[in-house]
Amino acid sequence: MITLRGVTKRYDTAVAVDHLDLEIASGKVTGFLGPNGAGKSTTMRMIMGLDRPTAGEALINGKRYADLTHPLREVGALLEAKALHPGRSAYSHLLAMARSNGIPRKRVEEVLETVGLEKVAKKKAGSFSLGMGQRLGIASALLGDPQTLLFDEPVNGLDPDGVRWVRELMRSLAEEGRTVFVSSHLMSEMQLTADHLVVIGKGKLLANDTIDQVIARSSLTAVRVRTPDSRGMDDLVARLDELSLEIQRDSEHEILVSGSSVEAIGDIAFQMNLRLHELRVVEASLEQAYMEMTASSIEYKSSKPVTAGVAPQQGQQQEVEA
Amino acid sequence: MSSATMNTTASSTASGTSSHGRGQTIGAIASEWTKLWSVKATWWCLAGSFALMAVFAPALGTSIANSYRSDGDNTDIPIAHPPVLAINMVQFAVIALAMLAITAEYSTGSIRSTLQCVPQRGRMLFSKIAVIAPVMFVAGTLIAAVGTATTTPLLFEYADTNLGKAVPTILATGAYIALMGIFAIGVGAAMRSAVGTLTTVFMVLAGLPGALALSSSDFTKKILDYLPSIAGQHLMDGDAEPYGRMGALLVVLIWTGAAVVAGYVVLHKRDA
Ligand SMILES: Nc1ncnc2c1ncn2[C@@H]1O[C@H](COP(=O)(O)OP(=O)(O)O)[C@@H](O)[C@H]1O
Ligand SMILES: [Mg+2]
């Protein structure tokens, strides 16, 4: 288990991590999500005792990293930046790590096999491709057979096969009861891997929820209403307008209402004596919920940001029966 | 390679990672030892320093012997003295090895891996010193021995082959090199960059004494004796003046200690 208590990191120029309070539980994959520059890597470095928090503390199983007797046996991490000497072989790199924590040599061979690098183990790490480098990083994270694992953007540079492999690896680690904390700036990646989501933006906690809750909370989750009575639809729209709800008129017979519920709209339609052929929740995609959440905290906006209240586009949404 | 086995850690408990009590300081030292010998730079530095010594010591010895001959001088040259003079140049090749042990970790990013293994800054620094210092001592001693062996025949009748003088000088050379290795690790931990460390070490060991030697004032001459490379020469040669061998050792130790403290303070304060 990882515990963050008021963890803050202030650099000369800006606050990278702003008072994070978090508990990351074991037995599941917790996705750590946020746009580039949100403070994910900084948070992970603080957990690993590499960077010192300006305020607050980061604990692993109740202890600071530096207080762990054999840290590699309790926590394994693949951090963002390369952390190895390019002139050293993969095997020697892992062996040096193993020796520091009294881990038997045999374990080095095991993890090399696990990540599929046993054939290139004697080659210089500097000659490795990005994907092989990531695998070596994962091997070093697994080396001490730790209960807690951190992965910072682990699929960067991996081919689709490798991405799938990492996903399965993280799932199986969580199934073994371990704490798996994995960062990404892409929701699409987390959607497939994570059980639980922690979203940050500009160093601040934006969400700490299950995937379902994140979706349900999005204002982009809307209600689809369809009626054969186009006159009645005009009246309904007028009525909903009075309640200042966001309405998207898709056709004479169809609207999409955000900020309300099927129950409320159903009741209004009933009062107006309006026949309905369809009344259901249209869920925002996780991607949309994430974009909405982080829109205000993206450091470098690329194109037009998705802002709250903008009607979602059809097709990108998952339609769910109400 | 892509679809590696999924039994990630199933077999790991079998290897009993948690039953081994080692690690800690012993482990940290073993790890540094493994790291030192698994990069080529270590071997290049060692080979380079032996080669440099084998060139410089005989050259210096010959030139001293020749000047004695032309001056009709009758003084004898202690056989381990030309290598001591050569150390002024050769030391940089050996010290580079110590410097790289820390600066290469910063330039490659492997310091993050090292600190994940050994998060206590003091223990990390200590384990590097614990590995580098003995290696440097052995290297320094062997280099001085090689220098002595290759130079002696070229000194001809001027050779003072008194082993009671030569052996302490050779061992003192090992000690000086070991201490300068520790000095370089301290400076490296404080500066982090290889260029910054090299510049600083070079300035202190060669630049500064070179500049001060140009001055004719007695005061600067006195200062000179308190610089580590000059004190090192007194230490190796076993000069009675100005403070004796033990005094020279103390001067070098103080420089070394100061560098280590500086390195520790920076390690403790700054993020990795
Ligand atoms: N060493 C540093 N000095 C100054 N600013 C930094 C440093 N490291 C990170 N930052 C800043 O902190 C913020 C968070 O960075 P980071 O943790 O790398 O974000 P993420 O991993 O979520 O992309 C960014 O604005 C980044 O520029
Ligand atoms: Mg990052």
Side-chain angles (χ1 to χ4, degrees), chain A residues 45 48-52 65-73 75-77 79 81-89 92-93 95-104 106-107 110-111 113-117 119-120 131-132 135 140 142-145 159 161-162 164-165 168-169 172-173 176 178, chain B residues 1-42 44 100 104-105 107-124 127 268-272:
Chain A
R45 286 198 306 272
M48 297 304 293
L50 293 171
D51 288 11
R52 184 200 291 264
Y65 189 87
D67 295 333
L68 300 172
T69 312
H70 295 294
L72 297 185
R73 300 197 210 157
V75 197
L79 294 178
K82 273 246 169 75
L84 40 81
H85 194 300
R88 194 171 281 131
S89 74
S92 299
H93 170 71
L95 181 63
M97 290 187 80
R99 286 196 162 148
S100 71
N101 275 239
I103 297 164
K106 203 176 97 210
R107 180 67 186 154
E110 274 174 21
V111 292
E113 208 170 298
T114 301
V115 302
L117 288 179
K119 293 219 176 63
V120 289
M132 286 156 85
R135 282 169 187 275
S140 48
L142 297 175
L143 189 63
D145 191 18
D159 54 15
D161 259 359
R164 192 155 33 81
W165 173 76
E168 284 166 20
L169 174 71
S172 70
L173 289 166
E176 288 165 10
R178 296 172 211 261
Chain B
M1 218 197 63
S2 51
S3 50
T5 46
M6 283 306 303
N7 59 340
T8 52
T9 42
S11 53
S12 57
T13 7
S15 24
T17 49
S18 52
S19 61
H20 286 242
R22 280 195 31 212
Q24 307 264 49
T25 304
I26 303 280
I29 292 171
S31 177
E32 288 299 335
W33 178 264
T34 307
K35 283 194 288 182
L36 180 67
W37 300 111
S38 56
V39 288
K40 280 226 177 76
T42 303
W44 281 116
L100 284 172
E105 295 223 343
S107 62
T108 61
S110 57
I111 187 71
R112 282 185 289 271
S113 168
T114 299
L115 287 173
Q116 274 176 54
C117 297
V118 184
Q120 301 84 0
R121 283 13 182 200
R123 180 180 292 166
M124 190 276 283
S127 62
H268 203 75
K269 279 202 171 146
R270 274 182 66 180
D271 290 335

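So you know, we letter chains A, B, ... as the sequences are listed, proteins then strands, and number each from 1.
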Interface check, chain B: of Arg164(A), Met97(A), Lys119(A), most non-hydrogen pairs under 4.5 Å belong to Met97(A)
Contacting region of Leu50(A) [heavy-atom separation from chain B under 4.5 Å]: both
Answer yes or no: is there a donor N or O on one side and an acceptor on the other, between the side chain of Ser31(B) and the main chain of Ala96(A), under 3.5 Å? yes
Using non-hydrogen atoms only, which part of Ala98(A) is less than 4.5 Å away from chain B: side chain, backbone, both, or neither? neither
Taking side chain to side chain donor-acceptor pair (under 3.5 Å) as the definition, give me every residue that meets it alongside Thr34(B), ordered by chain and number, with sequence neighbours left out. Arg99(A)
Measure from the side-chain N and O atoms of Arg112(B) to the backbone N and O of Ala83(A), and report whether any donor-acceptor pair falls under 3.5 Å. no
To the nearest 0.5 Å, what is the distance between CZ on Arg123(B) and CD on Gln24(B)? 4.5 Å
Among Cys117(B), Ser113(B), Gly109(B), who wins on heavy-atom pairs under 4.5 Å with chain A? Cys117(B)
